[in-house]
Amino acid sequence: MLLNETGVAKGSHYYFFTPSETIKKHYYHLICCGHYYCNADYSIKRDYFPYLLLMYIRSGQLHVNYRDKSVTAKKGDILLLDCREPHHYYGSDGLEFIYIHFDGPNSQELCRYIMKQHGFFFQHKRNIEIGKQLYQMIYTYQNEQEMSVSDCTCTIYTMINSLSAKQEKQYNETSPVDQAIHYIKANINRQVTLKEIAQHVNLSPYYFSHVFKTETGYAPIEFATKNRIDTAKGLLKTTSLSVSDIAFEVGYSSSSGFINIFYKKVGFTPTEFRNLTI
């Protein structure tokens, strides 16, 4: 579909979609998507638009004011905006970008979580792959073809989820989070503290907690508990050790305390879990 909007140049395209009630309820889905060539007259300023926006800049510059921050996105950069919040973006001569507006069950919650942890502006090497996926999606429709509901859902989710993946590390580089995880697993037979783990990786407890949760989705001690429970599950299923022995193996001084936390996290007692057919 050709465009006739201020600042949008010849050769630009966009496409609209009207999802069924079933798709709205169960799947991630497109509202519209497009490939724009713009000049300095292009400007969008809204207080509210009820959908999420993913943009990939192919050339030029896009200036964005969002959440009390101002950024200039250039070639290879990605923007993720919840357009239910006030937003303003405007172009410069030579701007080219591709985008989707999308929605779906829990999509706004997922994007809000990603933006809380990583912000709305992404400058990563993996952006190239996301840009390719976005381009292929848009040009499926330009070629008057259709994506299946499941393919569309998977593509949108994969692109969004990729934004929260760990940044690439240099060869032989070990991050503080990796060091902390190794330390937690090496000390599974006792209760480690936040202060102790933070000291091990030479970070303040506050900063370490923030970095750890950003990368793993868990607070450090929450992760340590998860690791003990996961190990206990394996021991319950692969050994004949008693529940009290397993409790000791994973750092609990009493079987009653272990049973209580296991039930709280798993929904079964250790014995019930051992007897489950997996």
Side-chain angles (χ1 to χ4, degrees), residues 67-69 80 82 106 108-126 157 160-239 241-274:
R67 292 187 169 183
D68 298 322
K69 293 184 179 180
L80 176 64
D82 184 344
N106 299 314
Q108 291 175 338
E109 289 79 1
L110 173 61
C111 290
R112 190 183 306 119
Y113 173 78
I114 290 173
M115 287 188 285
K116 181 180 178 181
Q117 302 298 322
H118 303 280
F120 64 89
F121 181 44
F122 300 85
Q123 295 179 300
H124 301 148
K125 290 182 180 179
R126 60 179 172 273
Y157 182 82
I160 298 305
N161 194 51
S162 294
L163 296 174
S164 64
K166 283 186 179 182
Q167 295 196 41
E168 299 84 357
K169 293 183 292 186
Q170 299 295 322
Y171 181 71
N172 277 343
E173 179 185 350
T174 303
S175 73
V177 172
D178 291 333
Q179 294 175 42
I181 289 173
H182 179 78
Y183 186 80
I184 288 169
K185 291 185 175 182
N187 290 277
I188 194 170
N189 62 339
R190 65 184 185 86
Q191 302 276 351
V192 292
T193 66
L194 172 60
K195 182 178 179 181
E196 175 187 351
I197 304 170
Q199 286 180 338
H200 179 74
V201 298
N202 297 313
L203 295 175
S204 72
Y206 176 81
Y207 180 70
F208 166 67
S209 293
H210 173 73
V211 171
F212 192 94
K213 189 164 187 178
T214 295
E215 290 202 16
T216 68
Y218 294 92
I221 299 307
E222 182 185 15
F223 180 87
T225 300
K226 167 197 173 306
N227 184 56
R228 289 197 294 273
I229 295 300
D230 289 347
T231 302
K233 287 178 179 179
L235 292 172
L236 286 164
K237 284 296 185 180
T238 60
T239 75
L241 290 172
S242 68
V243 170
S244 59
D245 285 342
I246 291 174
F248 179 77
E249 288 286 333
V250 296
Y252 291 91
S253 58
S254 71
S255 58
S256 61
F258 167 66
I259 292 170
N260 287 337
I261 192 66
F262 191 96
Y263 183 81
K264 180 179 178 181
K265 296 293 185 182
V266 182
F268 299 97
T269 66
T271 300
E272 289 171 340
F273 181 83
R274 171 170 266 167

Quick one, [X] and [Y] - any side-chain contact, counting heavy atoms below 4.5 Å?
X      : Y      : value
His182 : Asp178 : no
Leu235 : Asp245 : no
Ser204 : Tyr207 : yes

_Point-to-point distance, once rounded to the nearest 0.5 Å, from CG of Asp230 to NZ of Lys185_ = 8.5 Å
Is there a donor-acceptor contact under 3.5 Å from the side chain of [X] to the main chain of [Y]?
X      : Y      : result
Thr225 : Ile221 : yes
Lys237 : Ala232 : no
Glu249 : Ile246 : no

*Begin from the C-alpha positions of Tyr218 and Lys226 and carry the test side-chain contact (heavy atoms from CB on, under 4.5 Å) through to its verdict.*
CA-CA 9 Å; Tyr218 294 92; Lys226 167 197 173 306; 3.4 Å; yes
Sequence neighbours excluded, which residues qualify as side-chain hydrogen bond (donor to acceptor under 3.5 Å, both in side chains) partners of [X]?
X      : result
Ser244 : Ser242
Arg274 : none
Asn161 : none

What donor-acceptor contacts under 3.5 angstrom involve side-chain atoms of residues 113-122, with partners at least two apart or in another chain?
residue : atom : partner : partner atom : Å
Gln117  : OE1  : Thr214  : OG1          : 3.2

Output a table of donor-acceptor pairs, distance under 3.5 Å, between side-chain atoms of residues 254-262 and any protein atom two or more places apart or on a different chain; print 'none' if there are none.
residue : atom : partner : partner atom : Å
Ser254  : OG   : Ser256  : OG           : 3.4
Ser254  : OG   : Gly257  : N            : 3.2
Asn260  : ND2  : Ser256  : O            : 3.3

*Might you work through the side-chain contact (heavy atoms from CB on, under 4.5 Å) test for Lys233 and Val266, ending with a clear yes or no?*
CA-CA 10 Å; Lys233 287 178 179 179; Val266 182; 3.7 Å; yes
*Please say which of Ile160, Asn106, Asp82 ends up in a side-chain contact (heavy atoms from CB on, under 4.5 Å) with Cys111.*
Ile160
*Output, in order, the C-alpha distance, side-chain angles, deciding distance and verdict of side-chain contact (heavy atoms from CB on, under 4.5 Å) for Leu241 and Leu236.*
CA-CA 7 Å; Leu241 290 172; Leu236 286 164; over 6 Å; no
_Could you walk me through whether Phe223 and Phe212 satisfy the ring-ring contact (aromatic ring centres under 6.0 Å, His included) test, starting with their C-alpha distance in whole Å, then the side-chain angles of each, then the deciding distance to 0.1 Å, before giving a yes or no?_
CA-CA 9 Å; Phe223 180 87; Phe212 192 94; 5.5 Å; yes
Below 3.5 Å, can you tabulate the donor-acceptor pairs from side chains in residues 187-199 to any protein atom, sequence neighbours excluded?
residue : atom : partner : partner atom : Å
Asn187  : OD1  : Arg190  : NE           : 3.2
Asn187  : OD1  : Arg190  : NH2          : 3.4
Asn187  : ND2  : Tyr183  : O            : 2.8
Arg190  : NH1  : Glu196  : OE1          : 3.4
Arg190  : NH1  : Glu196  : OE2          : 3.2
Arg190  : NH2  : Tyr183  : OH           : 3.3
Arg190  : NH2  : Glu196  : OE2          : 2.3
Gln191  : OE1  : Arg228  : NH2          : 3.0
Gln191  : NE2  : Gly251  : O            : 3.2
Thr193  : OG1  : Glu196  : N            : 3.1
Glu196  : OE1  : Thr193  : N            : 3.4
Glu196  : OE2  : Tyr183  : OH           : 2.5

_Residue pair Leu163 / Arg126: nearest heavy atoms and the distance that separates them_ = O-NH2, 3.5 Å
_Show the nearest heavy-atom pair for residues Pro176 and Leu203, with the distance to one decimal._
CB-CD1, 3.8 Å
